[in-house]
Amino acid sequence: MKQLQVRGINPFPYRFAVSAMAADLQKKYADLKNGEVTKDTVSVAGRIMAHRNSGMFVDLRDTTGKIQIFSHKQSLPADVLEQMKHYDIGDIIGVTGIVRRTPAGELTINAEKVEMLGKSVRPLPEKYHGIHDTEIKYRQRYLDLIMNEESRETFRKRSAIIAVIRQVLTAESFMEVETPMLHPIPGGASAKPFVTHHNALDMKLFLRIAPELYLKRLIIGGFDRVFEINRCFRNEGISVKHNPEFTSVEIYQAYADYNDMMALTERLVETAAKAVNGGQTKVKFGENEIDFKAPWPRKTMVELVKEATKVDFSKIADAAEAAKKAGELGVHVKDGANWGEVVEAIFAEKVEDTLIQPVHIIDLPKDISPLAKVHRTDAQLTERFETYVNGWEVANAFSELNDPFDQLARFKAQMEAREKGNEEAQMLDEDFVEALEYGMPPTGGLGIGIDRLVMLLTNSQSIRDVIAFPTLRHTAK
RNA sequence: GAUUCCGUAGCUCAGCGGUAGAGCAUCUGACUUUUAAUCAGAGGGUCGUGGGUUCAAAUCCCACCGGGAUCACCA
């Protein structure tokens, strides 16, 4: 800094005219032979990642890749050469010069003009090992991104996956909408909400746990195909699969049912997998290879539980009897659990972890699906499915319940569960029921957890690796 | 929330009762077609914080702070 100021150089200037990106140059001059010099002058800008021979060779990295800079007394005035000596690893500079390939085979720009564009006054982490400390990775993501190509690639893929989802939906005439993040009644899912307060209205508000009930109001309003990609907030534990704020895409399609939603799930996920995986549907995740090629099998929850435990719960209608059977299978269920909760608990305990390849788990119990339509052939089930990959729930969808009387009854059942101490039971949203009373078309609804999808498609073992700034405890530095 | 592991220089790590260490980075110099450049030298530390045990603590014990993993809740 002092060296620059002594020379009257602004370490933080305003602009630099970039004419070329590193990756484009590497591609354009791929056939340039070793030792060959072009007549092409280019201007590049980026961060100094390494320097050799007292700054004669500099590795410059921009957002696309790396290019070598060569500074020599033959092409640079003595004062600029002297100034180059004081540039540090981490500094952001702009360079103008002739493109050539060195005899050693490195594409290089012979600097004729060099400008400081943004001084780094702190040293960059060690170049070879990069950042390993997970706390630094998450708290100072910018350092992780500067140092680790793997992290840069993960976030590029995240962006590409979301872009593809948007493209597919838009191409199928879905309209992207925005619904409130601040809800007077948290609805659309079973979860503990974050609570806040609006001063002017002197009103309690909740950060949304799901956009579902508002998106359905838009369906009632006549927008037949809507989707929203945005954050949900749930005041629950943090783990490798859970962050308090996470991103979902929720999609609603009028006149469709859950079968249509299964096909849509497959189109979206398969397309996303190909988009970030060189057109391939097979993706490596940890020890496993997952093949996203559609179509995916469909299995009912009850039939998978039967396969795993030899017990057919469709034949045990009584909740108490089902709970007793669960106990015999070594599965703990809450006191007073209803039939659906028992089946779900056994499924979670005995089946979930085995579902590595994509599979739709269909026909979930009515007891645990208060917003889904009753199954057309079985009154204790709903037309709901959850798609599992790698043992994780990745999508959740149903033929949406559009009968206001049934919806009110389901809400009331939830309220009773809440009074019995189930904190995550859903709240009665009378305004939503009123909206249903104006008539909602038969509708298929689908939600996909974007973070988990990105994890699966980038071989990331923690959700914190796919969220740029994951939630961490505050620390006074 | 419970259990468990971890926290030493800007970064990656070693040291694990007896004078605080290495590599990279930084600074000085040499070299001037290198690419984890090389060579010589220099500076850089409240060993997460606070207590305790001990003649002596980075090292052993306790509490707290921060992080990871597993479990519970959940997507």
| What integer number of Å spans the C1' atoms of B/rC24 and B/rC62? | 37 Å
| Nucleotide paired to B/rG41 in any strand shown, Watson-Crick or G-U, under 3.5 Å | B/rC27
| said: Considering only residues two or more places apart or on different chains, which pairs with a residue in residues 41-69 of chain A satisfy salt bridge (Lys or Arg N to Asp or Glu O under 4.0 Å)? | reply: A/R52-A/D59, A/D59-A/K66, A/K66-A/E106
| task | Could you please spell out the steps behind the side chain to side chain contact (heavy atoms under 4.5 Å, CB included) verdict for A/T154 and A/V466? | result | CA-CA 7 Å; A/T154 295; A/V466 302; 4.0 Å; yes
Could you go through nucleotides 32-43 of chain B and list every protein N or O atom that sits under 3.5 Å from one of its N or O atoms, giving the distance for each pair?
{"from": "B/rU33", "atom 1": "N3", "to": "A/R100", "atom 2": "NH2", "distance (Å)": "3.4"}
{"from": "B/rU34", "atom 1": "O2'", "to": "A/R52", "atom 2": "NE", "distance (Å)": "3.4"}
{"from": "B/rU34", "atom 1": "O2", "to": "A/R52", "atom 2": "NE", "distance (Å)": "2.7"}
{"from": "B/rU34", "atom 1": "O2", "to": "A/R52", "atom 2": "NH2", "distance (Å)": "3.2"}
{"from": "B/rU34", "atom 1": "O2", "to": "A/Q68", "atom 2": "OE1", "distance (Å)": "3.1"}
{"from": "B/rU34", "atom 1": "N3", "to": "A/Q68", "atom 2": "OE1", "distance (Å)": "2.9"}
{"from": "B/rU34", "atom 1": "N3", "to": "A/Q68", "atom 2": "NE2", "distance (Å)": "3.1"}
{"from": "B/rU34", "atom 1": "O4", "to": "A/Q68", "atom 2": "NE2", "distance (Å)": "3.2"}
{"from": "B/rU34", "atom 1": "O4", "to": "A/T102", "atom 2": "OG1", "distance (Å)": "2.8"}
{"from": "B/rU35", "atom 1": "O4'", "to": "A/R52", "atom 2": "NE", "distance (Å)": "2.8"}
{"from": "B/rU35", "atom 1": "O2", "to": "A/E106", "atom 2": "OE1", "distance (Å)": "3.0"}
{"from": "B/rU35", "atom 1": "N3", "to": "A/E106", "atom 2": "OE1", "distance (Å)": "3.3"}
{"from": "B/rU35", "atom 1": "O4", "to": "A/A104", "atom 2": "O", "distance (Å)": "3.4"}
{"from": "B/rA37", "atom 1": "OP1", "to": "A/K127", "atom 2": "NZ", "distance (Å)": "2.2"}
{"from": "B/rA37", "atom 1": "OP2", "to": "A/R52", "atom 2": "NH1", "distance (Å)": "3.1"}
{"from": "B/rA37", "atom 1": "N7", "to": "A/N53", "atom 2": "N", "distance (Å)": "2.9"}
{"from": "B/rA37", "atom 1": "N7", "to": "A/N53", "atom 2": "OD1", "distance (Å)": "3.2"}

| query | A/E135 has an atom CD; how far is it from atom C1' of B/rU8, in whole Å? | reply | 15 Å
| message | B/rC11, OP1 or OP2 - any side-chain N/O from A/H132 closer than 4.0 Å? | response | no
| query | Closest nucleotide of RNA chain B for A/D451 versus for A/I131: which of these residues is on the 5' side? | reply | A/I131
| What nucleic acid atoms does A/D88 come within less than 4.0 Å of, heavy atoms only: base, sugar-phosphate, or nothing? | sugar-phosphate
| Who is the Watson-Crick or G-U wobble partner of B/rA2, with both distances under 3.5 Å? | B/rU70
| said: Side chain of A/D133 only, heavy atoms from C-beta on: which candidate in B/rC27, B/rG67, B/rU12 is closest? | reply: B/rU12
| request: Find the partner of B/rU33: check Watson-Crick (N1-N3 plus N6-O4 or O6-N4) and G-U wobble (N1-O2, O6-N3) distances, both under 3.5 Å, and reply none if neither fits. | output: none
| Contact class for A/R122 vs. all strands (heavy atom < 4.0 Å): base, sugar-phosphate, or nothing? | nothing
Pairs under 3.5 Å (N/O, protein and nucleotides 69-73 of chain B):
{"from": "B/rA69", "atom 1": "OP2", "to": "A/R464", "atom 2": "NH1", "distance (Å)": "3.0"}
{"from": "B/rC73", "atom 1": "O2'", "to": "A/E424", "atom 2": "OE2", "distance (Å)": "2.9"}
{"from": "B/rC73", "atom 1": "O2", "to": "A/G237", "atom 2": "N", "distance (Å)": "3.4"}

| query | Which part of the nucleic acid, if any, lies within contact of A/G447, taking any heavy atom under 4.0 Å across all strands shown: a base, the sugar-phosphate backbone alone, or nothing? | reply | nothing
| request: Remember a base hit wins even if backbone is also touched, and classify A/L143 as base, sugar-phosphate or nothing at under 4.0 Å, heavy atoms. | output: nothing
| query | In whole angstrom, what separates A/R139's CZ from B/rC65's P? | reply | 14 Å
| request: Quick one: label A/N243 by what it contacts on the DNA or RNA (base, sugar-phosphate, nothing), any heavy atom closer than 4.0 Å. | output: base
| query | Does any nucleotide pair with B/rU53 by Watson-Crick or G-U wobble geometry, both distances under 3.5 Å, and what is it? | reply | none
| field | Ring center gap for A/F347 and A/Y388 short of 6.0 angstrom | value | yes
| task | Could you tell me whether A/K241 contacts a base, only the sugar-phosphate backbone, or nothing, with contacts defined as non-hydrogen atoms closer than 4.0 Å? | result | base
| When you check the phosphate oxygens OP1 and OP2 of B/rC65, does a side-chain N or O of A/R473 lie under 4.0 Å from one of them? | no
| remark: Here the distance between atom P of B/rC13 and atom CD1 of A/I136, to the nearest Å, is 10 Å
